[in-house]
> 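Sharing a structure with you now.
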There are 2 protein chains.
Amino acid sequence: MRADARRNYQLILTEAAAAFAERGLDTSLEDIARRASISIGTLYRHFPTRHALLDAVLGDRLRQLATARPQHGDADGTLTDWLGHFVAEATAYRGLAETVLAALADPDSRLHASCLAMHDTAAHLLRDAQQHGTIRSDVHIDDLLLLATALAWSAEHRPGQPADRLSNLLVDGLRRR
Amino acid sequence: MRADARRNYQLILTEAAAAFAERGLDTSLEDIARRASISIGTLYRHFPTRHALLDAVLGDRLRQLATARPQHGDADGTLTDWLGHFVAEATAYRGLAETVLAALADPDSRLHASCLAMHDTAAHLLRDAQQHGTIRSDVHIDDLLLLATALAWSAEHRPGQPADRLSNLLVDGLRRR
DNA sequence: ACCTGAACACCGTTCAAGT
DNA sequence: ACCTGAACACCGTTCAAGT
């Protein structure tokens with residue numbers, strides 16, 4: 001890669017990360033190009049789709065979320081923690097919940113792989129919590145992810161605190177009794 | 001109101017209802033105007049904001065949702081039914097969950113009153129279910145509405161059936177034990 | 001190889017000009 | 001009183017022309 005290209009690539013990444021954090025994942029791409037002082041055509045050359053840019057900015061975080069592993073020994077707690085991390089990510093980047101669902105449903109999305117990795121981790125944690133914790137055995141991974149994204153979505157609409165309360169409420173709903 | 005104006009008003013309403021149902025609440029207003037074969041200026045004259053048009057199309061349904069009243073005698077069941085109706089509305093009009101939250105938060109929205117009416121009904125049902133049912137006393141109406149809209153949002157992303165399952169799960173989470 | 005910016009299609013919103 | 005459509009500002013996306 002040519003030096004100027006590499007520089008532009010980094011510039012776009014930096015400004016995109018800031019713009020996504022400030023204005024949400026649906027910010028104008030033209031605005032990002034302006035902030036990076038490059039042409040819109042250059043942005044498209046490096047990132048042919050919005051999801052490609054999102055993957056470059058958020059892929060690591062999603063994959064990190066994917067490699068999160070038990071630390072409590074407590075399988076229920078591990079699942080709850082994961083939910084909390086996911087929700088935290090979503091409050092940092094408005095629109096993440098929507099985007100994750102879309103990327104999971106679309107195999108052609110450039111974000112698909114990262115989201116799938118996250119999906120698989122969640123499935124793993126769920127299985128653990130069902131076998132060694134108190135989560136109902138009839139909860140399906142798709143239910144959990146839908147729940148997680150719905151929770152994240154609601155957190156996006158709440159600058160306030162009660163994400164944890166809601167989160168606990170929901171996990172309670174998943175428990176066998 | 002002049003006869004042509006009245007006719008245009010109705011035309012817009014009809015096409016808007018169809019467009020909202022088909023393409024979601026964020027459909028292009030220009031598209032609605034085109035479908036109604038009137039000028040975009042005329043649409044704006046009758047409905048100065050998108051929320052004004054939404055209120056004309058959906059206000060009745062929201063208010064109907066507001067006047068839903070106990071029928072079971074069972075306070076928990078009444079609350080669950082209400083949730084179900086709300087979710088059904090949201091699956092019929094993609095974007096409703098988001099819009100309702102926005103309208104509730106914005107007193108200047110032309111949808112504010114209709115959503116407030118709904119809010120008040122939900123508060124009433126919640127109180128009943130806390131006093132005569134099994135819902136925890138520490139659940140706040142804002143929690144419930146956030147939950148309801150989150151549930152509706154998730155249903156929008158699921159052409160499938162499991163809205164009821166999730167709904168029951170969530171209500172379970174609200175129960176005292 | 002890579003960058004630029006014009007081009008096209010689309011939308012939200014306003015407003016002067018018409019009837 | 002009401003309607004029309006041009007006008008302006010904005011965006012997504014592509015591509016011919018430049019270096």
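In what follows, chains carry the letters A, B, and so on, assigned in the order in which the sequence lines appear, proteins first and then strands, with residues in each chain numbered from 1.
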> Look at the side chain of S39(B) and decide which nucleotide, out of dC3(D), dG5(D), dG12(C), has an atom nearest to it.
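My answer, after comparing the listed nucleotides, is dG5(D).
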
> Look at all strands and tell whether R6(A) reaches a base, only sugar-phosphate, or nothing, counting heavy atoms closer than 4.0 Å.
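Nothing: the residue R6(A), judged by heavy atoms under 4.0 Å, touches no strand.
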
> Send over the distance from I40(A) CD1 to dC15(D) C1', rounded to a whole Å.
14 Å

> To the side chain of H46(A), which of dT14(D), dC3(C), dT4(D) is closest?
dC3(C)

> By nearest atom, which of the nucleotides dT14(C), dT14(D), dC3(D) is closest to the D4(B) side chain?
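Selected nucleotide (nearest to the side chain): dC3(D).
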
> Let me know the distance between CZ of R23(B) and C1' of dC11(C), rounded to the nearest Å.
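It is 14 Å, rounded to the nearest whole Å.
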
> From the set dG12(D), dC11(D), dG12(C), return the single nucleotide nearest to any side-chain atom of R50(A).
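Side chain of R50(A) sits closest to dG12(D).
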
> Out of dC11(D), dT14(C), dC2(D), which nucleotide sits closest to the side chain of R45(B)?
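Looking only at heavy atoms from C-beta outward on R45(B), the closest nucleotide is dC2(D).
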
> So which nucleotide does dA16(C) pair with, by the Watson-Crick or G-U wobble rule with both distances under 3.5 Å?
dT4(D)

> Where the side chain of T42(A) is concerned, which of dT4(C), dG12(C), dG5(C) is the nearest nucleotide?
dT4(C)

> Hey, which of these two, S28(B) or G41(B), hits DNA chain C nearer its 5' end, going by closest nucleotide?
S28(B)

> Taking NZ, NE, NH1 and NH2 as the nitrogens, is one of them in R7(B) or D4(B) under 4.0 Å from a carboxylate oxygen of the other?
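No, this pair does not count.
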
> How many Å lie between CZ on R2(A) and P on dT19(D), as a whole number?
13 Å

> DNA chain D: I38(B) or E30(B), which has the more 5' nearest nucleotide?
I38(B)

